[in-house]
Number of protein chains: 2
Amino acid sequence: MDRKIGSRPSIRDVARSAGVSPGCVSNVINGRRKQDDPIGRAVHEAIEKLGYRRNTIASNLRRSQSRFIGLVIPDFENPFFAELVAQLEQQAEGTQYRIVATSSREDPEIELRELDELAGWPVAGILLVPSMDSRCKPVIQTSDKPVVVIDRIIPDSDLDVIAVDNFEASAEGMRRLLELGHRRILIAYLDDGIVNVDERLAGVRAAAAQHSDELEVNFLATGPDVEGARQRIGDLLDENPGTTAIFCLFNSATLAAYGAAQARNLRLGQGLALLSFDDSTWMSQVQPAVAAIIQPVAEIARQAWERILTRIDAETEPAGIVRVRCELSQRETLIAANGVQESASRTTEEQV
Amino acid sequence: MDRKIGSRPSIRDVARSAGVSPGCVSNVINGRRKQDDPIGRAVHEAIEKLGYRRNTIASNLRRSQSRFIGLVIPDFENPFFAELVAQLEQQAEGTQYRIVATSSREDPEIELRELDELAGWPVAGILLVPSMDSRCKPVIQTSDKPVVVIDRIIPDSDLDVIAVDNFEASAEGMRRLLELGHRRILIAYLDDGIVNVDERLAGVRAAAAQHSDELEVNFLATGPDVEGARQRIGDLLDENPGTTAIFCLFNSATLAAYGAAQARNLRLGQGLALLSFDDSTWMSQVQPAVAAIIQPVAEIARQAWERILTRIDAETEPAGIVRVRCELSQRETLIAANGVQESASRTTEEQV
DNA sequence: TTTACAACATAAAACGATTTTCCTACTGTT
DNA sequence: AACAGTAGGAAAATCGTTTTATGTTGTAAA
């Protein structure tokens, strides 16, 4: 044993042990060599014997191109982003790249710091779900590394974006409510400058505008926290007892609406319809199950991964926005205005 | 502009621009120099002018000690782990270290691969929430980097562990139910070899054993998925109509129990008590709100962070298990067996 | 047998930073 | 004025790997 004590064996140690040069070991490791060759075998034995692991950092440094892809999301605790991370990790599996995930906690300052940090590694590319404002725009536009924006478009920029078709999905949701006979509808939205919610709002407005009957649509900005949202939705329900449907344009509003309705003994799925943009586990488990527009996270991840790899390979097709379609899941809270349950029962849905 | 085109400026470029040597620039960057000194100022100007960012990888390589701390969790989509990641990121903020999070998807194989990968970076230390089995034990015991295990202890090992006091917390939960007069109790648990649930089960058993009255405690292994768990819990409720309380020893069983009770028109918080080990957002928002044993994630993160930093600084106090206490949140589903609601109302709780 | 060429191992340079060593210039003391 | 001591920058070595350049060996063609 002639290797330095206390530190990991290096490629030199392996080379010495196998009686070859470090460069040769490198070639073996990186598969630049025929199968079934005595020297290769010897090297592999030495690696085994010494317990050698390649030092990723040194390797990346020499290649001057790392195999990390940075992922910046606003928040790990949002189930949508959590699933996104999980799906992207799955995409990365088996490729030579790996995801390094960090969060900005919806704070533009932290977001900038994270992007800066990732630039300093440096990473091969960046996947970004931007936080609320667009302060990061100049940074990512001038970035020397490819950037793919996910979920939230950045206005007036020609970046690659993968997002769901918020407008169309919520328009469809709204049309569905109208078809079911609803005329007094509460729309719960968020006024935090998140583009998605704006797009959804626009979709709802467009669907409402296309409708000929007289409608009473109440738009309510609830604020981001569930507690406050429940309060406001409750108040609005009290003021407008004729409301027959609630359409929540973001995740936590749905929970708030659910709680508010329960507290008032309004029977969801009987007297009151509820539709959620974005699904959560609890929505399909409670009774009545809450109808939701499901965002295809796996598909988003797939597209984003494909796009960032393409960009890293420097194929320079023009940047573009990819919109993926959502799916409206028919569940028990999606009922006609007259209280008749139009949809198939949950049992049927489960069998699918 | 004499720096290489297309690549980031290096410390050499800065040195040239400031008319000093690279080593001197390094000293300036790392604060090994008096304040208020003309050369330092010149260097900072050059850095500013060229838009120089230190290359983290090269820096780490030279120091032969990286400032990454690897975090391996079983699953990003589990809210408990999601919060853990978020809290640890917050702990890392402002320190010189940063978290690099990956997940094993509860797969011991992937877990081993991830640990191996992290060892190859190499990271300064590893935070690990082990997956179900203990296959990783030999790897982390022989690791040359400090490892701190979080949330799930690894049997028969002398590693540093930060976990909640599962035994005591669930014993307390059980005692609480007994105090409230419950004698026919359903315990929903998981039989996947996750240590925590075993500990919780032991706590429940111990509390039951201490009780003198005759008890009918049904232990039900539900399986990990919510759908199946709902089925089984429902069946058991049908077979044992006298059941007055359900105690769920893991997160998703609570949702299953909630759904199963709703489906049977069993009035939670009136005819039937429900207590959950582990809290989720929905539990405090639905009505009646579901009582839960809350795991102090922030405290766990704090302790884990402190411990790993201590280990990295090579202070070799003996390894040990730290148990942090959980808190039982009094909510509306925690009622006496006779149906009387013992607890303060939710409104009161909110004011706290 | 000689020449050309392929194959492949070794030696050395390089990646970008940090750290050590060396050397110069300055300060202060006698 | 001569010398010791010190401060601090420049130069060089270094981290572990990959890559390029160089050289050697062996095979095939002439």
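Below, chains carry the letters A, B, ... as their sequence lines are ordered, and counting in each starts from 1.
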Asker: Report yes if at least one side-chain N or O of A:R32 is closer than 4.0 Å to OP1 or OP2 of D:dT18; otherwise report no.
Answerer: no
Asker: Mind calculating the distance between CH2 (B:W121) and P (D:dT17) to the nearest angstrom?
Answerer: 16 Å
Asker: Do any side-chain nitrogens or oxygens of A:S26 fall under 4.0 Å of OP1 or OP2 in D:dT18?
Answerer: yes
Asker: For A:N30, which contact category applies under a 4.0 Å heavy-atom criterion: base, sugar-phosphate, or nothing?
Answerer: sugar-phosphate
Asker: Rounding to a whole Å, what distance do you find between A:L50:CG and D:dG16:P?
Answerer: 14 Å
Asker: Side-chain N or O of A:S10 less than 4.0 angstrom from OP1 or OP2 on D:dG16?
Answerer: no
Asker: Indicate, with a heavy-atom threshold strictly under 4.0 Å, whether B:G19 touches base, sugar-phosphate, or nothing.
Answerer: sugar-phosphate
Asker: Rounded to the Å, how far apart are A:N60 CG and C:dA17 P?
Answerer: 15 Å
Asker: So does B:D160 pair up with B:R311, basic N to acidic O under 4.0 Å?
Answerer: yes
Asker: With sugar-phosphate meaning primed atoms plus P, OP1 and OP2, does B:V20 contact a base, only sugar-phosphate, or nothing at under 4.0 Å between heavy atoms?
Answerer: sugar-phosphate
Asker: Do any side-chain nitrogens or oxygens of B:R33 fall under 4.0 Å of OP1 or OP2 in D:dG9?
Answerer: yes
Asker: Report yes if at least one side-chain N or O of A:R63 is closer than 4.0 Å to OP1 or OP2 of D:dT18; otherwise report no.
Answerer: yes
Asker: Between C:dA17 atom P and A:L61 atom CG, what is the distance in whole Å?
Answerer: 9 Å
Asker: I'd like to know if the side chain of B:Q87 pairs up with that of B:Q91 as donor and acceptor (distance under 3.5 Å, no hydrogens or angles considered).
Answerer: no
Asker: If you find the nucleotide of DNA chain D closest to A:N27 and the one closest to B:N27, which residue's nucleotide is nearer the 5' end?
Answerer: B:N27
Asker: Are B:S103 and A:E89 close enough that a side-chain donor and a side-chain acceptor fall under 3.5 Å?
Answerer: yes
Asker: What's the CZ-C1' distance between B:R12 and D:dA10, to the nearest Å?
Answerer: 13 Å
Asker: Atom CZ of B:R62 and atom C1' of C:dA17: how far apart are they, to the nearest Å?
Answerer: 8 Å
Asker: Is the phosphate of D:dA10, meaning OP1 or OP2, less than 4.0 Å from a side-chain N or O of B:S21?
Answerer: yes
Asker: Rounded to whole Å, please give me the gap between OH in A:Y52 and P in D:dG16.
Answerer: 10 Å
Asker: What's the CD1-P distance between A:I11 and C:dC15, to the nearest Å?
Answerer: 18 Å
Asker: Using the side chain to side chain donor-acceptor pair (under 3.5 Å) rule, take B:E111 and B:S131 through it: C-alpha gap first, then chi angles, then the decisive distance, then the call.
Answerer: CA-CA 7 Å; B:E111 182 174 68; B:S131 70; 3.1 Å; yes
Asker: Looking at B:R54, does any N or O in its side chain come under 4.0 Å of the phosphate oxygens OP1/OP2 on C:dA17?
Answerer: no
Asker: Tell me whether A:E45 is salt-bridged to A:K49, with the criterion being a basic N under 4.0 Å from an acidic carboxylate O.
Answerer: no
Asker: For A:I39, which contact category applies under a 4.0 Å heavy-atom criterion: base, sugar-phosphate, or nothing?
Answerer: sugar-phosphate
